[in-house]
Amino acid sequence: MPSSTLHSRLNVRSLAPTAGSGRASAARCRHRRGSAGGRLTWLIPVAMTTAGLGIALTGVGQTYWLMWLAAALSGLGVAAYHPEAARMARVVSGGSHVGMSWFSVGGNVGFALAPVLVTPIIAAGGLSLTPLLVVPALFGAAITTWAVRSRGAVAVTRGRSEGTDDWPSFLRLSLIMICRSIVFVGLGTFIALYAGQRVGGGTTTGGVALFILFAAGALGTLLGGRLATRYGRIRTLRTSYAVAVPAIACLVFVPGPAFFLFLAATAIVMSIPFSLHVTLGQDFLPGRVGTAGGMTLGLAVSIGGVATPLLGTIAEHTSLRLALSTLIALVLCSTLIGYALNEPA
């Protein structure tokens with residue numbers, strides 16, 4: 001989407017709904033797939049291909065509505081992938097926090113590599129070369145097809161956990177994830193543009209900022225599983241969000257090259273709880289693991305897209321700096337709500 005802004009006539013305000021279309025469609029579809037429970041392993045490679053196809057089509061028409069529809073198609077593929085994939089990851093890892101962090105970090109690595117792959121392609125040929133971006137999706141679909149066939153029988157025989165569903169705790173966790181989603185999606189949507197404003201360098205600086213955001217996020221996700229194993233999930237979650245408040249404040253307001261340092265710090269502490277949200281959600285709803293996985297991952301990467309148009313509007317009428325400063329309050333809310341959570345019984 002930042003590349004679309006730089007290589008088409010989209011502005012900041014129109015960028016936000018375009019990015020949000022994929023995430024909003026993901027939110028709706030992911031909840032339905034999660035509720036379906038979990039014998040849809042064939043859907044994993046199909047959904048990955050669909051997501052990649054949507055990305056590949058974003059630059060074909062180079063018009064706002066065609067780009068919006070392509071983003072929505074990609075969002076549907078992303079949404080269909082996660083519930084069943086999260087259920088299988090939990091089963092294969094035996095419920096390990098570290099195992100789930102490795103599953104979660106795959107997405108972070110993909111986000112980190114995306115600007116590295118996309119930036120030179122778009123710089124070389126513009127948006128007309130976006131169809132090449134379907135190749136990684138096809139490669140990933142081939143790998144997941146093999147994985148599903150080798151592990152599918154295990155996942156089917158070990159599908160459903162027993163226990164009492166704790167909906168109040170799950171809803172409080174959902175509020176935390178909504179706040180985090182708005183923050184991380186907001187950064188992912190606008191940080192490339194903001195980096196160009198603060199540091200200069202145009203597309204290259206934006207690509208570097210996105211790489212740091214998602215690469216550091218991958219590191220934070222891996223740390224989250226290990227910290228949770230040692231100190232407990234709730235304690236790790238509370239501490240991470242508490243540290244994130246000053247980190248994101250410094251990212252927005254401290255001038256100079258330190259921008260990249262605070263960007264990395266923000267990405268790490270905001271990503272430490274990422275996989276913990278998934279395992280906590282599944283443990284709060286042990287009788288509905290598929291639903292919990294679908295909703296937690298849906299809230300993690302989808303709901304924030306609904307809020308990005310508002311951030312874009314604020315940026316358009318005031319400044320991008322003021323728009324991003326509103327994210328500080330959301331991180332603070334996540335910190336405070338975290339003290340209303342306890343480890344699942």
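Just so it is clear, the structure is predicted and the values come from calculations on it, not from any experiment.
I55 places none of its side-chain heavy atoms less than 4.5 Å from the side chain of T130. Counting only heavy atoms from C-beta outward, the side chains of L320 and F190 approach each other to under 4.5 Å. Under the 4.5 Å side-chain criterion, counting only non-hydrogen atoms from C-beta, F184 is in contact with S271. Between P131 and L57 the shortest side-chain heavy-atom distance does not fall below 4.5 Å. Within the 4.5 Å cutoff, side-chain heavy atoms of M270 are placed close to those of V331. V199 is not listed as a side-chain neighbour of P257, based on a closest heavy-atom distance of 4.5 Å or more. Residues D165 and F284 have side chains not in contact (no heavy-atom distance under 4.5 Å, counting atoms from C-beta outward). No side-chain heavy atom of D166 sits less than 4.5 Å from a side-chain heavy atom of P344.
Under the 4.5 Å side-chain heavy-atom criterion for ILVMFWY residues, a single connected hydrophobic cluster contains both L129 and V118. L187 and I328 end up in the same hydrophobic cluster when Ile, Leu, Val, Met, Phe, Trp and Tyr side chains are linked at under 4.5 Å. Hydrophobic clustering (side-chain heavy atoms under 4.5 Å, transitive across Ile, Leu, Val, Met, Phe, Trp, Tyr) keeps L210 apart from V269. F274 and L276 fall into different hydrophobic clusters, where Ile, Leu, Val, Met, Phe, Trp and Tyr side chains are chained together by heavy-atom contacts under 4.5 Å. Grouping the Ile, Leu, Val, Met, Phe, Trp and Tyr side chains by contacts below 4.5 angstrom, directly or via other members, places V46 apart from I143.
Under the ring-ring contact (aromatic ring centres under 6.0 Å, His included) criterion, W167 pairs with F170, not counting sequence neighbours. Partners of L261 by side-chain contact (heavy atoms from CB on, under 4.5 Å), not counting sequence neighbours: none found. Partners of D283 under the salt bridge (charged side-chain N to carboxylate O under 4.0 Å, His left out) rule, at least two apart in sequence or in another chain, are R90, R233. Residues satisfying the side-chain contact (heavy atoms from CB on, under 4.5 Å) test with I337, not counting sequence neighbours, are R172, L175, I176.
Rounded to the nearest 0.5 angstrom, E316 CD and I314 CD1 are separated by 12.0 Å. Rounded to the nearest 0.5 Å, atoms OG1 (T189) and OH (Y194) are 15.5 Å apart. Atom-to-atom distance recorded for I268:CD1 and L222:CG is 11.0 Å, nearest 0.5 angstrom. How far OG1 of T221 is from CZ of R226: 13.0 Å, rounded to the nearest 0.5 Å. Rounding to the nearest 0.5 angstrom, the gap separating the CH2 atom in W42 from the OG1 atom in T144 is 13.0 Å. To the nearest 0.5 Å, atom CG of residue L138 and atom CG of residue L133 are 11.5 Å apart.
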Legend entry - T205 and F260: CA distance, side-chain angles, deciding distance, side-chain contact (heavy atoms from CB on, under 4.5 Å) verdict: CA-CA 10 Å; T205 301; F260 292 108; 4.0 Å; yes

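The shortest non-hydrogen separation linking G281 to A292 is O-CB, 3.3 Å. Summarising the geometry of I212 relative to A267, their closest heavy-atom pair is O-CB, 4.4 Å, with the distance given to 0.1 Å. In this structure, P136 and L117 approach most closely via the heavy-atom pair CG-CD2, 3.8 Å. Counting all heavy atoms, side chain and backbone alike, A141 lies closest to M48 at N-SD, 3.3 Å.
Within the 3.5 Å criterion, the main-chain N or O of G54 finds no donor-acceptor partner in the side chain of T58. No donor-acceptor pair closer than 3.5 Å links the side chain of T50 to the backbone N or O of G77. In this structure, S101 contributes its side chain and V98 its backbone to a donor-acceptor pair below 3.5 Å. Checked by atom type and distance alone, the side chain of E343 pairs as donor or acceptor with a backbone atom of I234 at under 3.5 Å.
The salt bridge (charged side-chain N to carboxylate O under 4.0 Å, His left out) pairs that include a residue from residues 66-83 number zero, where partners must be two or more places apart or lie in different chains.
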Can you give the donor-acceptor pairs under 3.5 Å from side chains of residues 237-256 to other protein atoms, not counting sequence neighbours?
residue, atom, partner, partner atom, Å
R238, NE, G338, O, 2.9
R238, NH2, L341, O, 2.7
T239, OG1, R235, O, 2.9
S240, OG, T236, O, 2.8
Y241, OH, H277, NE2, 3.0

